[in-house]
Amino acid sequence: MHAVPPPLPRTAPTRLAAGPPGTGWAWSGTVAGATGLLGLLGTAGIYTQDAWDAGDNSRMAASVAEHSTLVWAHQALSGLVVTLLVVFAAGLYRHLARREPPGSLVPAVAAAGVGLTAVAVFLGAGLDTELWWSVGAGAIADPDTVGSMVIHYGAVPWLWGGLGLSAAAVAYGGFAHRSVGRGLALVSAAAAVLLFATQAAPVQYIALVPGALWLIVSGPLLARVRSRVAAD
């Protein structure tokens, strides 16, 4: 009989050490803000002022048909903005979770506000397909239906008020726990005030402007923090 060799000791699988998180998510916020601001403003003119002033939905539908390329561009740009916002939300959550005290709601609220904005843009872009086919060659859509869609086209994807939650959470985290720099905390506090103001008045769609500007400014500030951590 041969002696049975003892079993070899089990060793834990080797894992490569994870490097510091990159800054791509932060720059995604900046690109989302710039693309959203310029893109939505640039694709807003799908009808002439004369058609709007006339209050005639038949003229409105004919005017939209002449600018249908903008409807397609709006859909494509909105899809890009949604993608960038989701990436930024995930990165912002991870960044704040590393710096906030255990159990803090700041990371979740900040990410939720960005996510809420992404949903608004996503739903707003959902009108584009129907609007496109409603004014195309041979379309038989009711002009009154087109007029209704035009109103929502210029409102729903502009509802960036959710970023007020994000800006307020980042400002609180910065002042209370120093989870972000003081400069970003101040910028976020100012943006939160402006964003909440747009929700207190019947001009919610104006939230696009302060919301996009907050994203544009926040991206480089957050990227600089991550770069400094990586260097250390």
Side-chain angles (χ1 to χ4, degrees), residues 21-40 74-129 152-153 155-174 176-177 179-180 184-185 187-200 204-223 225-226:
T23 61
W25 64 270
W27 290 110
S28 292
T30 294
V31 178
T35 303
L37 183 61
L38 299 177
L40 292 181
H74 180 271
Q75 179 174 329
L77 289 171
S78 295
L80 175 61
V81 170
V82 170
T83 302
L84 294 169
L85 285 175
V86 170
V87 172
F88 179 71
L92 182 62
Y93 177 87
R94 182 183 61 183
H95 174 80
L96 294 173
R98 291 171 177 264
R99 293 170 165 264
E100 283 288 313
S104 172
L105 296 179
V106 168
V109 173
V114 180
L116 182 61
T117 303
V119 170
V121 178
F122 185 74
L123 292 177
L127 298 167
D128 295 336
T129 296
H152 290 91
Y153 175 94
V156 177
W158 295 55
L159 300 179
W160 289 39
L163 290 178
L165 295 173
S166 303
V170 170
Y172 174 80
H177 308 135
S179 53
V180 298
L184 179 54
V187 169
S188 298
V193 171
L194 292 174
L195 284 162
F196 289 143
T198 64
Q199 305 308 295
Q204 291 94 328
Y205 44 81
I206 301 300
L208 166 68
V209 177
L213 293 176
W214 178 72
L215 288 172
I216 292 170
V217 174
S218 297
L221 294 177
L222 290 166
V225 172
R226 294 309 313 155

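- Minimum interatomic distance between Ala110 and Val170 (heavy atoms only, all atoms of both residues): CB-CG2, 4.3 Å.
- The two residues Gln199 and Ala207 make their nearest non-hydrogen contact at NE2-CB, 3.7 Å.
- With Trp160 as reference, Thr117 is the one residue of Thr117, Leu116, Leu37, Ile206 to meet the side-chain contact (heavy atoms from CB on, under 4.5 Å) rule.
- Heavy atoms from other residues, nucleotides or ligands lying under 6.0 Å from CG of Leu38 number more than 12.
- In this structure, CG in Leu221 is found 8.5 Å from OG in Ser188, a value given to the nearest 0.5 Å.
- Distance check: His95 NE2 to Glu100 CD gives 9.5 Å after rounding to the nearest 0.5 Å.
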**Message:** side chain to side chain contact (heavy atoms under 4.5 Å, CB included) for Leu184 and Leu222? Distances and angles first, verdict last.
**Reply:** CA-CA 8 Å; Leu184 179 54; Leu222 290 166; 3.5 Å; yes

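- How far CG of Leu163 is from CG of Leu208: 9.5 Å, rounded to the nearest 0.5 Å.
- Between Thr35 and Val81, the closest heavy-atom pair is CG2-CG2, 3.7 Å.
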**Message:** Using the rule given for side-chain hydrogen bond (donor to acceptor under 3.5 Å, both in side chains), can you reason through Thr198 versus Gln204, listing the C-alpha separation, both sets of side-chain angles and the distance that settles it, and then say yes or no?
**Reply:** CA-CA 5 Å; Thr198 64; Gln204 291 94 328; over 6 Å; no

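- Under the 30°/60° scheme for interplanar angles, the aromatic rings of His177 and Tyr172 are found to stand perpendicular.
- Here the CG-CH2 distance, from Leu40 to Trp158, works out to 6.0 Å after rounding to the nearest 0.5 Å.
- Between Gly164 and Ala192, the closest heavy-atom pair is O-CB, 4.0 Å.
- The closest side-chain heavy-atom distance from Leu215 to Thr30 is not below 4.5 Å.
- Between the OG atom in Ser179 and the CZ atom in Arg98 there is a gap of 14.0 Å [rounded to 0.5 Å].
- Annotation: side chain of Pro157 is in contact with side chain of His74 (closest heavy-atom distance under 4.5 Å).
- Taking both residues in full, the closest heavy atoms of Leu77 and Gly39 are given as CD1-CA, 3.7 Å, listed atom of the first, atom of the second, then distance.
- Minimum heavy-atom separation, Ala26 to Ala223: CB-N, 3.7 Å.
- A side-chain donor-acceptor contact under 3.5 Å links Ser166 to the backbone of Val114.
- Counting non-hydrogen atoms of neighbouring residues, nucleotides and ligands closer than 6.0 angstrom, the CZ atom of Phe196 exceeds 12 such neighbours.
- Taking the six-membered ring where the residue is Trp, Phe88 and Trp214 present perpendicular rings, their angle passing 60° and hence far from 30°.
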